[in-house]
Amino acid sequence: MELRYVRHPGYIGGSGGLSGFLIVPHGRIPMKLHEYQAKEVLRAYGVPTPRGSMANTVADARSAAEDLGGKVVVKAQIHAGGRGKGGGVKLAHSVDEAERHAAAILGMTLVTHQTGPQGRLVQRLLVEEQLPIEREIYLGITLDRALEKPVFMASAQGGVEIEEVAARDPSAILREVIHGAQLQGYQARRLAFALGIAPEARASAVQAMQALAKAYDESDASLVEINPFVLTADGRAVALDAKMDIDDNALFRHPDLAELRDLGEEEPLETDAIDHGLNYIKLDGNVGCMVNGAGLAMATMDIIQYAGGMPANFLDVGGGANKDQIKNGFRIILSDPNVKAIMINIFGGILKVDVLAEGIVAAAQELKIGVPMVLRLEGTNVEQGREILADSGLDFIVASDMKEAAQQAVARAG
Amino acid sequence: MSILVDETTRVVVQGLGRAGLFHAEQCIRFGAKIVAGVHPGRGGSEALGFPVFDTMREAVAEARPDASLAFVPAAGAADAVLEAIEAELALVACITEGIPARDMVRVADALRGSATRLIGPNCPGVISPGKCKLGIMPGHIHKPGSVGVVSRSGTLTYEAVGQLSSLGIGQSTCIGIGGDPVIGTNFIDVLEMFNEDPDTTGIIMIGEIGGTAEEQAAEFVKGRVKKPIVGFIAGATAPPGRRMGHAGAIISGGKGTAAEKQAAMEAAGIAVAPTPADLGSTLAALI
């Protein structure tokens, strides 16, 4: 997968300004849901959504359009925003037109500002009824790190890029801090009044906002975004779009949500790494890196560039890596043909250096690693670790500190 | 002196699995006075010479600990911290990685107005070298002295300590505050304590790209902290939009960059180390 461009619901920091950061849990990548999946989850909590169904094929899309009376919207389902501008969302006035749109969108490579230039293959569609839209509102919930609580955000300027709205006019984003688990009725009413929602739609908007907050909490979401949340001519309040990310750390208690992961939307090497408890991100350089700890891994990338090279990846083997993880780490690093040398930078705390050393030796023998390996090892059981390397008879380059290790690795990578 | 933990700290270990036992033993080696363990179902037994209890309430009644070191797995870690807060322990260092953010929001609520300070989670803990090790940091790299170290990253804390010790510079207290979105103790809390500790004469502060914690800390330093400080921001070369393991470590919209953080640090009089290999030498030049 290309760069995971960061999209956030106009996160507003404690200072009141737009911070511009995605707020995601530590550890792994938050699990993104497709729009149709997010809508299923939200519907179960009582958030009104348009009638519609997911389609894998043009025939399914046609029959969905027939069920909905022909006047539908056909929406590409990919893990990226900006689908409309990229040509992935089309209105149809008849079943035949819906079928034509479905045929055009299914299988297309959709390029949006969030997919990167290579775009994303569309494998699923959502076919939905069209609604008589009166107004478009923005709703979003995410964690405010400064307050240590979720914040419910709303803006009368829905349907557009919320970051741009927030940058132009921060006061256009209303916010209610969620204390405890739920958005209180008075908070939702306060938003409804501030948004100027007409009296006939107010009760349903309040109910939908509270349901949205409940869905966020009970699903362990890290982000929910409804843009737009629409008010219809017949007085309904409906989530026309839905974006939802789930905290990966909480998936153990949501087996139903865990099943919604779409591996087709993720970089295979990164998924492979996750499956082995590793955190890998592919980059463009030729010095492979294996490091324990995210901070040290970033610092290692920094010092490789300081030494005149370019890192081929970010790889954090984590605090408690075992031999198997080390081996898989090497396998994943080496599956990138650009890698010409590997720098291993370990400062053992939980991860004992002798365990790591055994893993390195086993991996080097088993994988027949052909590129130079520069090691810098410190920390718990470092002496035993160095002995294991020395006794292995393999040709490792052992550096005394990380600057020297980076210089060696960059020199060998050429 | 030192901050948070010293030779009088009475430690209870929560979660005596493989990691908990290994590190409890290491802590004892480096000066921790472990008076109890809590591991539901193992009450009445003994581990490494200290009594094990089923509940924190029993441990407090019998052994009077004042600090906990928590190794409880992620699914139950927040619950363990809540149990320690209820028992009014002064300090909890939670090592556990991968706690759901929603659980930590509940913990943060419970911490407000409580008697407890939480370090972490997802951190190496805290050590006052020669006095008490309450965490998973390799004890042997430390050396008693007067430099305080605070970092969002565990292994970068070790890096700084290793460099200081090899230059013959000891540490008063070293703290990894953790990289999760919701943490118990932040940079400013620690800087305030270091500033007030008469035996801390210099500080190393290691941040990361993303978020605004470093900028806020620099602002705090500007008016209040007179001691020499060395700063470093990891991730200067990380590509935008990619999360590098830690929640905060992501840049977007040109915000939260290393350059902005370094500028904020420099404006506050903090000496920014050019590379992570220069933390110790930059501090040595200041003291």
Side-chain angles (χ1 to χ4, degrees), chain A residues 3-6 8 13 15 19-27 29 143 145-146 148-150 163 179-180 217 220 222 247 249-250 252-253 279 281 283 291-306 311 314 316 318-320 347-350 378-380 382 401-403, chain B residues 19 23 26 74-75 95 97-105 108-109 122 124 136-138 141 151-156 158-159 162 179-182 206 208-212 232 234-256 274-277:
Chain A
L3 288 185
R4 274 172 222 282
Y5 280 86
V6 178
H8 61 88
S15 60
S19 86
F21 305 122
L22 178 65
I23 306 309
V24 290
H26 171 274
I29 301 153
L143 180 68
R145 295 175 62 155
E148 300 170 327
K149 291 171 190 288
E163 291 93 335
H179 303 283
D217 181 66
D220 272 291
S222 53
D247 178 355
N249 286 334
F252 69 88
R253 57 190 174 206
N279 188 353
I281 295 171
L283 302 167
V291 189
N292 67 324
L296 190 61
M298 281 190 285
T300 302
M301 289 162 46
D302 294 345
I303 206 158
I304 285 170
Q305 295 198 34
Y306 193 83
F314 168 95
D316 173 10
F347 215 127
I350 287 186
E378 285 292 344
T380 308
V382 66
D401 64 25
M402 67 189 281
K403 196 179 260 179
Chain B
H23 287 289
Q26 292 287 313
I95 307 306
E97 180 177 351
I99 302 177
R102 178 167 65 138
D103 295 4
M104 282 310 301
V105 168
D109 272 338
N122 188 17
I136 59 166
M137 61 291 283
I141 63 169
S151 169
R152 234 153 96 172
S153 149
T155 40
L156 269 178
Y158 311 162
E159 188 65 47
D180 275 6
V182 178
I206 302 165
E208 289 174 1
I209 52 168
T212 54
F232 178 73
T237 59
R242 302 307 303 262
R243 184 167 51 99
M244 298 291 169
H246 283 173
I250 187 162
I251 315 171
S252 86
K255 290 278 191 177
T275 82

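Please read all numbers here as calculations on a predicted model, not as lab measurements. Here is the naming used below: chain letters follow the sequence lines, and residue numbers restart at 1 for every chain.
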Checklist line | Per-residue contact mode, A:Ala299 against chain B (heavy atom under 4.5 angstrom) | finding: both
Next item on the list: Sort A:Asp401 into side chain, backbone, both or neither according to what part of it lies under 4.5 angstrom from a heavy atom of chain B.
Entry: neither
[atom2] on [Y] to [atom1] on [X], rounded to 0.5 Å:
X: B:Glu159; Y: A:Met402; atom1: CD; atom2: CE; result: 5.0 Å
X: B:Ile209; Y: A:Met298; atom1: CD1; atom2: CE; result: 5.0 Å
X: A:Thr380; Y: B:Ile141; atom1: OG1; atom2: CD1; result: 8.0 Å
X: B:Arg102; Y: A:Asn249; atom1: CZ; atom2: CG; result: 12.5 Å
X: B:Asp109; Y: A:Glu148; atom1: CG; atom2: CD; result: 8.5 Å

Notebook entry, point to check: Of the listed residues (A:Leu296, A:Ile304, A:Asp302, A:Val382), which shares the most heavy-atom pairs with chain B below a 4.5 Å separation?
Noted result: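 Option with the top pair count is A:Asp302.
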Check: Pick from A:Ile303, A:Asp220, A:Val291, A:Thr300: which one has the most heavy-atom pairs with chain B under 4.5 Å?
Finding: A:Asp220
Note to self: Going by the rule salt bridge (Lys or Arg N to Asp or Glu O under 4.0 Å), which residues pair with B:Asp103 if we only count those two or more places apart in sequence or in a different chain?
What the structure shows: A:Arg253
Next item on the list: Please report the shortest heavy-atom distance between A:Gly295 and B:Glu208, naming the atom on each side.
Entry: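 Looking at all heavy atoms of both residues, the closest pair is CA-OE2, 3.5 Å.
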Notebook entry, point to check: Any sub-3.5 Å donor-acceptor pair from A:Asp247's side-chain atoms to B:Pro100's backbone N or O?
Noted result: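 No.
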Check: Is it true that a side-chain atom of B:Thr155 and a backbone atom of A:Asn292 form a donor plus acceptor pair closer than 3.5 Å?
Finding: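 Here the side-chain-to-backbone pair exists.
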Notebook entry, point to check: Can you name the side-chain contact (heavy atoms from CB on, under 4.5 Å) partners of B:Gln26, sequence neighbours left out?
Noted result: B:Phe22, B:Arg29, B:Phe30, B:Lys133
Next item on the list: Count the heavy-atom pairs under 4.5 Å between each of B:Pro274, B:Ala74, B:Ala277 and chain A, then report the option with the highest count.
Entry: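 Of the candidates given, the most pairs with chain A belong to B:Ala277.
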